[in-house]
Amino acid sequence: MIVKPFSAAVLLASLACTTTVAFAGEASRPNIVVIICDDMGYSDVGFGGAPDIRTPNLDSLAKASTICTSGYVAHPFCGPSRMGLMTGRYPHTFGGQYNLPPLHAGMDDYNKLGIPKSETMISTVLHDAGYTTGAIGKWHLGEEADYHPNNRGFDDFYGFLGGGHNYFPQQYSGAYERQKRTGKARINDYLLPLEHNGNPTTEDEYLTDALSKQAVRFINEASEKESPFFLYLAYNAPHAPMEATEEDLAANVHIKNRKRRVVAGMMTAVDRGVGLVTDALKKQGRFDDTLVVFLSDNGGKSVFGSSNAPFRGVKGDTWEGGFRVPMFFHWPKKIPAQKFDHPISSLDFYPTFAAVADAKIPSDKQLDGKNVLSSFVEGNNPRPNEVIFAMRHRGGYTDVSARRGDWKAVRYANQPWRLFKITEDLSEEHDLASSNPERLEELIAAAEKWSHTHETPLFFDSPGARDKWVGTNMPHFEKTFAMEVGAPKLRPVSHVTDNDIAEPVVKAPRTTASGVKLKRGDSTMEHFVAMEKAKWEKNGWTWNQQKAEAIFREIDTNNDGIASGKEKKTYWSK
């Protein structure tokens with residue numbers, strides 16, 4: 001249900017005044033602030049339904065916003081999701097299906113790449129339209145000069161270029177200096193110094209607080225100019241490593257589950273930062289003429305304490321929990337306060353921002369989203385007959401989903417296709433594929449047609465991912481899009497609570513029962529079976545201990561009772 005505080009006609013007339021080609025000076029063009037969290041679960045924030053995590057600043061903004069209850073991102077994990085947001089295109093269409101690898105992975109050729117220069121990013125479009133532009137926090141879109149944020153439309157960049165970072169400066173700066181002194185060739189990205197416009201800088205604050213402080217700095221400096229501004233504030237919280245301050249942990253002592261309490265502490269810091277950003281906008285007199293958009297880059301990871309309730313799946317999945325995220329649009333007197341249930345995609349940000357900024361999109365620019373502001377005002381579906389897709393490649397097969405309106409088709413774990421009436425079955429429990437073959441066939445056909453627009457990946461996030469792609473002759477779309485039903489019944493969905501997260505997985509032993517010392521990555525039969533059981537239960541597979549033990553014996557080719565890391569790698573690469 002869509003609830004409007006006053007008439008759509010009034011709102012539409014007001015919106016038309018700000019989104020037509022003829023603007024009455026710079027004051028008519030809003031500032032644009034995008035705040036994106038990293039690996040935040042749908043229910044890790046109050047307005048998303050969290051019963052335990054308190055986010056008063058975000059909830060206050062959300063209450064006055066259009067909350068997109070069916071907000072999706074372009075991919076279920078970090079880098080490709082951000083590539084989609086910045087380019088307005090599915091990352092698969094230009095070879096961005098994988099994360100860029102960390103520098104310490106030693107994949108130097110891939111580290112020289114990023115979003116292709118042929119893809120004009122929204123930051124460049126807004127910059128060319130006269131906006132002052134700033135990016136704060138996580139980049140993960142390319143580290144060489146051609147792909148650096150300062151060369152992709154951003155006047156000001158403060159943060160880190162890789163896919164993540166440790167949070168406490170006294171820890172990461174000390175570790176960096178120690179590794180530098182020992183002459184280590186490849187230092188972990190998460191320890192590198194932050195940078196400001198290409199120059200290394202030092203920090204003395206918890207990272208989330210430091211990024212919030214820099215966002216306030218940018219707003220204050222940009223507000224001194226006559227032009228509007230665009231701020232992309234990319235927190236890495238609550239992405240691993242799971243590190244919260246003692247004060248923020250104490251503020252969440254009501255949460256008994258230790259992992260969940262750390263997530264809550266990290267979100268407390270994010271919410272504090274959002275409050276500082278909001279205060280800065282108000283102090284500068286920019287709050288009412290600023291469009292604020294909030295979202296997560298993908299779903300959360302339950303093993304770290306995040307919750308994607310009420311959805312099935314986690315980060316990386318094409319279940320709803322993998323790429324359906326908390327999202328709202330806040331723009332006083334221009335966008336209504338409501339819950340908007342029709343599907344919205346982060347791909348829509350590009351054309352929407354360009355429209356409100358009266359910015360010119362290059363004539364040859366391809367876009368997969370659309371300007372959605374009039375749909376917010378009128379309450380209609382911006383894509384009534386169009387499909388929202390998600391695709392994630394795994395070792396030798398592909399997970400994919402396609403949603404049109406009320407219906408969603410899913411192929412997961414190389415199992416047959418499933419079909420759900422997603423508006424009535426949020427946890428994707430009731431497979432209707434067998435009773436609706438024609439509807440399923442239509443969605444599969446749409447997904448297959450979409451796959452024809454894809455390019456071969458330009459880079460891979462690890463040697464293992466690259467080797468699996470090449471070694472198994474991916475992507476095997478002829479099998480992926482074969483009409484096949486009869487998938488096994490799924491286990492009921494469960495989410496993080498104050499209880500332990502499922503059964504605790506047995507920690508890897510350091511020695512065997514006979515006293516043989518184990519290397520990192522080695523497993524005894526007991527440990528291997530425990531790990532397999534956790535994986536099977538997570539995927540909803542019927543547990544078969546005899547099969548798991550048989551797999552262990554196949555892996556253990558030298559019959560020494562240890563599945564070594566090398567033996568595992570050989571077995572799983574087949």
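Note that the coordinates shown come from a computational prediction; the quantities given were computed from them, not determined experimentally.
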K.L.:
Would you mind telling me which of Phe340, Phe376, Phe47 makes a ring-ring contact (aromatic ring centres under 6.0 Å, His included) with Phe328?
P.N.:
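Per the ring-ring contact (aromatic ring centres under 6.0 Å, His included) rule, the option paired with Phe328 is Phe47, out of Phe340, Phe376, Phe47.
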K.L.:
Using only atom types and a distance under 3.5 Å, with no angle test, would you say the side chain of Asn151 pairs donor to acceptor with the backbone of Ala145?
P.N.:
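Yes, the answer is positive, given that a donor and an acceptor are paired below the 3.5 Å cut-off.
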K.L.:
Would a 4.5 Å heavy-atom cut-off, applied to side chains only, mark Pro343 and Asn381 as touching?
P.N.:
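With C-beta onward as the side chain, the pair touches.
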K.L.:
So that I know where these two stand, are Tyr98 and His75 an aromatic pair - ring centroids less than 6.0 Å apart?
P.N.:
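Not under 6.0 Å, so no.
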K.L.:
Keeping the roles fixed (side chain from Asn31, backbone from Pro228), state whether a donor-acceptor pair exists under 3.5 Å.
P.N.:
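No, the answer is negative, given that no donor and acceptor are paired below the 3.5 Å cut-off.
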K.L.:
Centres of the Phe329 and Phe349 rings: under 6.0 Å?
P.N.:
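Yes: the rings meet the under 6.0 Å criterion.
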K.L.:
Tell me yes or no: between the side chains of Ser227 and Thr132, is some donor less than 3.5 Å from an acceptor?
P.N.:
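Checked: Ser227/Thr132 side chains pair up, N/O donor to acceptor below 3.5 Å.
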K.L.:
So do the side chains of Trp319 and Phe311 get within less than 4.5 Å of each other, counting heavy atoms only?
P.N.:
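No - every pair of side-chain heavy atoms lies 4.5 Å or more apart.
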K.L.:
For residues Phe94 and Ser118, determine if any side-chain heavy atom of one lies less than 4.5 Å from a side-chain heavy atom of the other.
P.N.:
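No, every pair of side-chain atoms sits at 4.5 Å or beyond.
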K.L.:
Between Lys360 and Asp128, is there a side-chain N and carboxylate O pair less than 4.0 Å apart?
P.N.:
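Asp128 and Lys360: not salt-bridged.
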K.L.:
Any side-chain to backbone donor/acceptor pair from Tyr206 onto Glu243? Under 3.5 Å, distance only.
P.N.:
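Yes; judged by distance alone, with no hydrogens or angles, the pair exists.
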K.L.:
I want to check something: taking the side chain as every heavy atom from C-beta on, are Val270 and Ile35 in contact at a cut-off of under 4.5 Å?
P.N.:
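The answer is no; the side chains never approach within 4.5 Å.
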K.L.:
Applying side chain to side chain donor-acceptor pair (under 3.5 Å), can you list everything that pairs with Ser70, at least two apart in sequence or on another chain?
P.N.:
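Here the qualifying residues are Arg324, Arg403.
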K.L.:
Under a 4.5 Å cut-off applied to non-hydrogen side-chain atoms, are Gln284 and Asn220 in contact?
P.N.:
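Side chain of Gln284 against side chain of Asn220, heavy atoms only: contact under 4.5 Å found.
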K.L.:
Please find the pair of heavy atoms, one from Gly316 and one from Phe77, that lie closest to each other, and give the distance.
P.N.:
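Scanning both residues, the minimum pair turns out to be CA-CD2, 4.3 Å.
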K.L.:
Looking only at side chains, do Asn252 and Thr268 share a donor and an acceptor under 3.5 Å apart?
P.N.:
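The criterion, which ignores hydrogens and geometry beyond distance, is satisfied for Thr268 and Asn252.
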K.L.:
Counting C-beta onward and ignoring hydrogens, is there a side-chain heavy-atom pair between Val262 and Pro238 closer than 4.5 Å?
P.N.:
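Not in contact.
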K.L.:
So, are Arg383 and Asp368 salt-bridged, with charged N and O less than 4.0 Å apart?
P.N.:
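No.
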K.L.:
Let's go through Asp358 and Arg29 carefully: what are the C-alpha distance in whole Å and the side-chain angles of both, what is the deciding distance for salt bridge (charged side-chain N to carboxylate O under 4.0 Å, His left out) to 0.1 Å, and is it a yes or a no?
P.N.:
CA-CA 7 Å; Asp358 190 25; Arg29 303 199 296 170; 5.5 Å; no
K.L.:
Answer yes or no: is there a side-chain heavy-atom contact under 4.5 Å between Asp461 and Met107?
P.N.:
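Asp461 does not reach Met107 side chain to side chain.
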K.L.:
May I have all residue pairs that pass salt bridge (charged side-chain N to carboxylate O under 4.0 Å, His left out) and include part of residues 56-65, sequence neighbours excluded?
P.N.:
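Qualifying pairs, neighbours excluded: none.
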K.L.:
Distance alone, cut at 3.5 Å: any donor-acceptor contact between the side chains of Ser212 and Tyr235?
P.N.:
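On atom types as modelled, these side chains qualify, holding a pair under 3.5 Å.
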K.L.:
Parallel under 30°, tilted from 30 to 60°, perpendicular over 60°: which one fits the rings of Phe353 and Phe230?
P.N.:
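Answer is tilted, since the angle falls between 30° and 60°.
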K.L.:
For residues Phe389 and His92, establish whether the separation of their ring centroids is below 6.0 Å.
P.N.:
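For Phe389 and His92, the ring centres are not under 6.0 Å apart.
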K.L.:
Any luck finding a side-chain donor-acceptor pair between Asp44 and Ser306 under 3.5 Å?
P.N.:
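Present: a donor and an acceptor within the cut-off.
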K.L.:
For the residue pair Phe287 and His330, does the interplanar ring angle fall in the parallel (under 30°), tilted (30 to 60°) or perpendicular (over 60°) class?
P.N.:
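Ring orientation, 0 to 90° scale: tilted.
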K.L.:
Before giving the answer on side chain to side chain donor-acceptor pair (under 3.5 Å), spell out for Tyr172 and Glu203 the whole-Å C-alpha distance, their side-chain angles and the decisive distance to 0.1 Å.
P.N.:
CA-CA 10 Å; Tyr172 66 73; Glu203 263 301 341; over 6 Å; no
K.L.:
Would you say the side chain of Asn298 lies within less than 4.5 Å of the side chain of Cys78, judging by non-hydrogen atoms?
P.N.:
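The answer is yes; the side chains approach within 4.5 Å.
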K.L.:
Mind jotting down which residue pairs meet the salt bridge (charged side-chain N to carboxylate O under 4.0 Å, His left out) criterion with at least one end in residues 135-152? Sequence neighbours excluded, please.
P.N.:
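Output for this query lists Asp38-Lys138, Lys117-Asp146.
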K.L.:
Between Lys301 and Asp39, does at least one N-O distance fall below 4.0 Å, as a salt bridge requires?
P.N.:
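Looking at Asp39 together with Lys301, the answer is no, because their closest N to O distance does not fall below 4.0 Å.
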